[in-house]
Amino acid sequence: HIVTHGFFLPDGEQKQENPLLRSGLALAGANQRHSGGDDGLLTAFEAAALDLWGTKLVVLSACDTGNGQIKNGEGVFGLRRALVLAGAETQVASLWRADDLVTRKLMQQFYTNLNAGLGRAEALQQAQLKLLRGGATPSPYYWANFICIGEWKPLGQ
């Protein structure tokens with residue numbers, strides 16, 4: 001579970017042709033604007049090289065982590081694809097900006113649901129439905145940005 005800032009730079013915002021270099025996560029030191037080896041950014045290109053085989057679930061609790069460049073016939077190139085290439089079975093990622101308070105509530109309920117034995121996708125869906133029905137955050141804008149990609153079964157299976 002990674003809580004940080006995510007980014008996706010659409011075509012035209014950067015002269016980088018490789019779409020896996022236009023999406024990623026901002027980690028410690030990213031705001032210091034170093035270039036080279038340890039710049040504080042984990043790009044999707046770098047994430048694809050991680051060894052995540054055997055990892056059941058990666059949760060990216062950050063903005064825009066589910067976005068990427070769509071290539072006809074090839075799919076979406078971004079963090080989602082990178083984590084699949086790295087070996088992660090399931091990813092939870094966001095399609096737009098995340099609200100910190102609502103995301104915290106969503107993730108707490110998501111993990112409660114996982115611990116209760118729900119499948120990964122169902123655990124997220126039920127957490128979202130609870131926020132919808134709870135009254136405090138009925139607008140899907142605040143919680144519908146998170147999607148579950150990959151294996152949908154409970155973590156024990």
Side-chain angles (χ1 to χ4, degrees), residues 1-111 114 119-125 127-128 131-132 137 139-153 155:
H1 187 111
I2 300 172
V3 180
T4 187
H5 296 283
F7 65 89
F8 171 68
L9 303 172
D11 288 339
E13 287 192 28
Q14 185 174 342
K15 297 188 188 303
Q16 183 50 251
E17 288 186 29
N18 185 339
L20 293 180
L21 291 170
R22 295 198 326 247
S23 62
L25 300 171
L27 303 173
N31 60 351
Q32 295 175 6
R33 302 193 188 260
H34 293 248
S35 62
D38 188 10
D39 59 2
L41 297 177
L42 176 68
T43 65
F45 184 78
E46 293 166 322
L50 296 173
D51 181 5
L52 298 178
W53 292 102
T55 302
K56 298 276 188 190
L57 176 65
V58 174
V59 178
L60 300 175
S61 187
C63 302
D64 300 314
T65 53
N67 295 332
Q69 180 179 346
I70 299 170
K71 290 194 170 209
N72 289 337
E74 297 183 42
V76 178
F77 285 78
L79 277 171
R80 297 187 302 179
R81 171 165 281 204
L83 293 170
V84 169
L85 292 172
E89 252 182 40
T90 307
Q91 309 86 41
V92 173
S94 66
L95 296 175
W96 60 84
R97 292 205 166 277
D99 177 85
D100 291 342
L101 179 61
V102 176
T103 298
R104 186 178 76 211
K105 290 178 186 177
L106 176 69
M107 292 301 161
Q108 286 172 335
Q109 188 61 51
F110 171 63
Y111 284 111
L114 284 175
R120 294 163 239 193
E122 184 181 4
L124 180 61
Q125 179 187 35
Q128 291 170 325
L131 288 175
L132 172 67
T137 52
S139 173
Y141 175 81
Y142 294 102
W143 47 260
N145 55 333
F146 285 94
I147 57 172
C148 185
I149 306 113
E151 182 60 61
W152 55 271
K153 295 177 185 171
L155 286 174

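The shown structure was predicted, so the numbers you read here are calculated from the model rather than taken from an experiment.
- Using a 4.5 Å heavy-atom cutoff, the side chains of E122 and W152 are not in contact.
- Looking at T65 and F8, their side chains never come closer than 4.5 Å, going by heavy atoms from C-beta outward.
- Taking 4.0 Å as the cut-off between side-chain N and carboxylate O, E89 and R120 count as a salt-bridged pair.
- Side-chain N or O atoms of S139 include none that pairs as donor or acceptor with a backbone N or O of Y142 at under 3.5 Å.
- Taking the six-membered ring for Trp and thresholds of 30 and 60 degrees, Y111 and H1 have ring planes inclined between 30 and 60 degrees apart.
- With hydrogens and angles ignored, the 3.5 Å screen pairs no side-chain donor or acceptor of D64 with any backbone N or O of N67.
- How far CZ of R81 is from CD of Q91: 11.5 Å, rounded to the nearest 0.5 Å.
- R22 contributes a side-chain N or O that, together with a main-chain N or O of L9, makes up a donor-acceptor pair within less than 3.5 Å.
- Considering only heavy atoms from C-beta on, L83 comes within 4.5 Å of L60 through its side chain.
- Side-chain atoms of K56 and T90, non-hydrogen and from C-beta on, never get closer than 4.5 Å to each other.
- Contact of the L106 side chain with the L131 side chain is registered, since non-hydrogen atoms from C-beta on lie closer than 4.5 Å.
- In this structure a side-chain-to-backbone donor-acceptor pair under 3.5 Å is present from E151 to K153.
- Annotation: side chain of I2 is in contact with side chain of L25 (closest heavy-atom distance under 4.5 Å).
- You'll find the side chain of V92 reaches within 4.5 Å of the side chain of L57, heavy atoms only.
- Residues N18 and F45 are in side-chain contact: their nearest non-hydrogen atoms beyond the backbone lie under 4.5 Å apart.
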